[in-house]
Amino acid sequence: MTRNDLLFSIPLGDWVDSIVRWMIRSWDAFFDVIGDILTKIYEAIYWVLATPPFWAIIIVFALLAFFAKGWKLAVGTVLGFLLVYGMFQWDNAMTTLALVIEASVIATLFGVPWGIAAARVKWVSRITRPIMDFLQSMPAFVYLIPFVMIFSAGIVPGIVSTVLFAIPPAVRFTELGIRQVDESVVEASYAFGATPGRVLRQVQLPLAMPTIMGGINQVIMLSLSMVVIAGMVGGGGLGNAVVASIQRVNISLGAEAGLSVVILAMFLDRVTSAFGNKTKRSAKN
């Protein structure tokens with residue numbers, strides 16, 4: 001069956017293509033500025049991770065793991081990243097980590113305030129829900145297409161698509177956490193003369209922080225998965241290695257790159273989850 005055989009046709013794809021091309025023509029200077037900013041931020045984070053000796057970075061990661069959860073996670077972190085280094089995937093891992101950090105921070109900086117607004121304003125919540133449904137339901141590969149057209153292949157479309165792919169948990173968990181705060185506590189704060197801003201800062205956000213931290217954990221994990229997929233458009237890092245292993249049918253490279261992604265994911269998940277649990281205990285106390 002072709003389009004001509006249909007009773008009616010909706011050329012949605014053509015409409016989207018026209019919009020994207022119009023944006024490229026009209027906002028070219030704006031996209032250039034955004035691309036330069038994102039690239040410079042990435043280069044700064046990568047410089048911090050890649051310039052020191054590998055063992056110094058491993059010590060820093062181990063200390064983070066120790067303060068987050070204890071010596072077992074610290075030892076596992078050391079062994080895991082030594083394995084990454086031994087597999088000759090250290091530079092790729094640091095590239096991926098730099099991309100994940102940048103995308104996660106941007107998604108959190110935009111997502112948490114958005115979630116706060118959705119929790120406090122009903123019409124914002126109504127608009128937010130279908131937008132988040134759309135962002136979470138869209139296949140990850142589809143995100144890359146318009147941004148490759150806008151920014152061309154490289155790390156920038158990978159970062160932008162990763163931010164959009166990872167932002168829903170930050171928004172939804174923040175809104176959920178604030179809505180779950182006991183209404184009696186909020187009303188008591190108002191009764192003692194607290195302003196709405198003070199109630200948000202000193203009551204709602206501290207009590208919602210464990211849930212918000214759970215959202216940030218999900219943001220980081222989604223960012224890692226999307227950054228790997230972004231290797232298809234020259235996103236760099238372990239994603240490039242995975243794509244190269246598929247193109248060359250290189251089992252050894254695929255195994256090394258895949259295991260490096262697993263180690264990085266386990267480290268990020270365990271550390272952020274541990275800090276989230278600490279926040280939860282602090283909130284209960």
Side-chain angles (χ1 to χ4, degrees), residues 10-50 92 94-115 117-118 124 127-128 130-172 216 218-244:
I10 303 175
L12 178 63
D14 295 336
W15 297 343
V16 173
D17 180 72
S18 298
I19 292 172
V20 172
R21 292 183 185 279
W22 172 80
M23 290 172 62
I24 294 172
R25 292 193 304 269
S26 303
W27 301 351
D28 185 57
F30 171 74
F31 290 134
D32 286 343
V33 171
I34 295 297
D36 290 341
I37 292 173
L38 294 177
T39 301
K40 290 185 184 304
I41 294 173
Y42 158 75
E43 289 173 350
I45 298 173
Y46 176 75
W47 183 86
V48 171
L49 294 172
N92 284 337
M94 293 304 100
T95 299
T96 297
L97 183 56
L99 294 169
V100 169
I101 291 172
E102 180 175 1
S104 300
V105 170
I106 295 172
T108 301
L109 289 177
F110 281 95
V112 171
W114 190 348
V124 175
I127 295 174
T128 296
I131 293 175
M132 293 301 108
D133 290 340
F134 174 81
L135 292 177
Q136 285 188 305
S137 302
M138 183 65 68
F141 294 98
V142 178
Y143 281 101
L144 298 172
I145 300 170
F147 296 114
V148 169
M149 291 179 62
I150 293 172
F151 296 105
S152 74
I155 64 168
V156 176
I159 293 171
V160 177
S161 58
T162 299
V163 170
L164 289 178
F165 184 72
I167 200 172
V171 178
R172 286 190 150 154
I216 292 174
Q218 292 302 303
V219 167
I220 293 171
M221 301 311 295
L222 287 175
S223 295
L224 178 59
S225 65
M226 188 63 193
V227 162
V228 173
I229 294 172
M232 297 182 62
V233 295
L238 295 170
N240 270 11
V242 171
V243 172

Is any side-chain heavy atom of [X] less than 4.5 Å from a side-chain heavy atom of [Y]?
X: Ile159; Y: Thr39; answer: no
X: Val219; Y: Ile167; answer: no
X: Ile131; Y: Trp114; answer: yes

Which pair of heavy atoms, one from [X] and one from [Y], lies closest together, and at what distance?
X: Ala118; Y: Thr128; result: CB-OG1, 4.0 Å
X: Ile106; Y: Leu38; result: CD1-CD2, 3.7 Å
X: Thr96; Y: Gly239; result: OG1-N, 4.4 Å
X: Ser225; Y: Phe165; result: OG-CE2, 3.8 Å
X: Ser161; Y: Met226; result: OG-CE, 3.7 Å
X: Gln136; Y: Pro168; result: CG-CB, 3.4 Å

Given the rule in the side-chain hydrogen bond (donor to acceptor under 3.5 Å, both in side chains) test, do Ser223 and Ser104 qualify, once you have shown the distances and angles that lead to the verdict? CA-CA 6 Å; Ser223 295; Ser104 300; 3.3 Å; yes

Only pairs at least two apart or in different chains count here, so list each salt bridge (Lys or Arg N to Asp or Glu O under 4.0 Å) that has a residue in residues 137-146. none

Can you pull the salt bridge (Lys or Arg N to Asp or Glu O under 4.0 Å) pairs that have at least one residue in residues 220-239, sequence neighbours excluded? none

On the 0 to 90° scale, with breaks at 30° and 60°, tag the Trp27-Phe30 ring pair as parallel, tilted or perpendicular. perpendicular

What's the verdict on side-chain contact (heavy atoms from CB on, under 4.5 Å) for Met138 and Phe134, showing C-alpha distance, side-chain angles and the deciding distance? CA-CA 6 Å; Met138 183 65 68; Phe134 174 81; 3.2 Å; yes

Hey, could you give me the [atom1]/[atom2] distance between [X] and [Y], rounded to the nearest 0.5 Å?
X: Glu102; Y: Ile41; atom1: CD; atom2: CD1; value: 5.0 Å
X: Met94; Y: Asn92; atom1: CE; atom2: CG; value: 10.0 Å
X: Tyr42; Y: Thr95; atom1: OH; atom2: OG1; value: 4.0 Å
X: Ile229; Y: Thr162; atom1: CD1; atom2: OG1; value: 8.5 Å
X: Arg172; Y: Leu135; atom1: CZ; atom2: CG; value: 9.0 Å
X: Ile101; Y: Leu224; atom1: CD1; atom2: CG; value: 11.0 Å

Can you tell me if CZ on Phe31 sees more than 12 non-hydrogen neighbours from other groups inside 6.0 Å? yes

